[in-house]
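Working notes, structure below.
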2 protein chains.
Amino acid sequence: MSLDEGIIADIRQFNRFYTNILGVLNKHVLDTGYTLTEARVVLEIGFMEPCIANQLVEKLDMDRSYMSRIISKLQKDGLLEKESSPLDNRTSLIRLTPKGAELFQQLNERSDEQIERLLDGLSPTEITEVRSSMLFIQSKMNRLERAQNDSI
Amino acid sequence: MSLDEGIIADIRQFNRFYTNILGVLNKHVLDTGYTLTEARVVLEIGFMEPCIANQLVEKLDMDRSYMSRIISKLQKDGLLEKESSPLDNRTSLIRLTPKGAELFQQLNERSDEQIERLLDGLSPTEITEVRSSMLFIQSKMNRLERAQNDSI
DNA sequence: CTCCTTTAGTGGACATAGTCAACAATTAAT
DNA sequence: ATTAATTGTTGACTATGTCCACTAAAGGAG
């Protein structure tokens, strides 16, 4: 045991706490007719387009086959289109259609509103401090995330 | 739009980031023969015992029926025992058996090790600062979590 | 080039996780 | 006393995720 017990307990407490926060947020991105996972895929395509399925798989840490099925569904629904890549004939370049972009925008707006509601009641100073704390945590842990993924 | 766009974007970015962190951690609590959800239930019983099913449902934000099935399984496996409550005949007081307490301890140790690994490479000062940032975020968002749950 | 290995995507079959509606028993409220 | 709300259970279902086998194309190594 190299670390103070209290620190670990506090961090585990924070993880439980933040699990709940994320749970509340995720639960209410819905109501678009798409599931949470589908919505996450649409959002990620919106951020990365054009992209290939495998990039989405890695980014969202999902199973290939699962992603394949979701992409099929979204394509059938007219939210995205695939263009076979000139560089690698195994892959397709994926882009949102106008209809997909519309959903993307809707999801973004809802997410933004959720964050605003989450911060409602805090002063501008407090909000700035929360943001700084998040950026700080991220800066300290983000190389570690990679390292841990690699080691597994 | 009352808030600076950048702040919301940063917070959403942090949420995506921390979703991944929690995903990595959760993926490897396993290997005890129990699923993540079952493990969470065992942990929560360990923290709260004696408790009733409904408290676990609220704490872990799970469906009643799902919890009922998990509790049945854990009981069948000899990890917990139910004593019918003298105060309310609808409910049972739930406690870990010695075997359940053993798993509880194992889960706790693993979780602690994971956090240590997550912090590995940071200086004591950095670790302290990360902890402070987490406590700060929690203190600011704490009451809000409740308020949001209620309003929904 | 040819042979071998790796990578990207797909589909079938399955396993796990979570949800919904109906119900019985009990307790709380009016 | 009657009605309403709570607790837990079960069946049926949907959503989510995993595993395996397979095809097709790239990327080497010789």
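Naming: A, B, ... by sequence-line order, numbering from 1 per chain.
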Just the rounded figure in Å: distance from [atom2] of [N] to [atom1] of [X].
X	N	atom1	atom2	result
A/Tyr34	D/dT14	OH	C1'	17 Å
B/Lys76	D/dT9	NZ	P	13 Å
B/Leu87	D/dT7	CG	P	13 Å
A/Lys73	D/dT14	NZ	C1'	11 Å
B/Leu56	D/dT7	CG	P	13 Å
B/Leu93	D/dT7	CG	P	14 Å
B/Ile70	D/dG8	CD1	P	14 Å
B/Asn26	C/dA17	CG	C1'	14 Å

OP1 or OP2 of D/dA15 versus the side-chain N and O atoms of A/Thr37: is any pair under 4.0 Å?
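No, A/Thr37 has no side-chain N/O under 4.0 Å of OP1/OP2 on D/dA15.
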
OP1 or OP2 of C/dT27 sitting under 4.0 Å from any side-chain N/O of B/Asn89?
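So the side chain of B/Asn89 is within the cut-off, an N or O lying under 4.0 Å from OP1 or OP2 of C/dT27.
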
Passing candidate, side-chain contact (heavy atoms from CB on, under 4.5 Å) with A/Tyr34, options A/Asp77, A/Ile70, A/Val41:
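When A/Asp77, A/Ile70, A/Val41 are each tested with A/Tyr34, the side-chain contact (heavy atoms from CB on, under 4.5 Å) holds only for A/Asp77.
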
Regarding B/Arg12 and A/Asp112, does a basic nitrogen lie under 4.0 Å from an acidic carboxylate oxygen?
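Looking at A/Asp112 together with B/Arg12, the answer is yes, because their closest N to O distance falls below 4.0 Å.
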
Return a single string for nucleotides 5-16 of chain C, one symbol per nucleotide in 5' to 3' order, where B is base contact, S is sugar-phosphate-only contact and - is none, cutoff 4.0 angstrom on heavy atoms.
--BBBBBBB---

Between A/Phe14 and A/Phe17, what is the ring plane arrangement, given parallel below 30°, perpendicular above 60°, and tilted in between?
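Answer is tilted, since the angle falls between 30° and 60°.
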
Evaluate whether atom CD of B/Glu102 has more than 12 neighbouring non-hydrogen atoms of other residues, nucleotides or ligands under 6.0 angstrom away.
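No, not enclosed.
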
CZ on A/Arg40 to CG on A/Leu56, rounded to 0.5 Å:
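Between A/Leu56 CG and A/Arg40 CZ, I get 11.0 Å after rounding to 0.5 Å.
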
Checking A/Gln13 now: which residues fulfil side chain to side chain donor-acceptor pair (under 3.5 Å) with it, not counting sequence neighbours?
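Result, side chain to side chain donor-acceptor pair (under 3.5 Å) vs A/Gln13: A/Arg16.
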
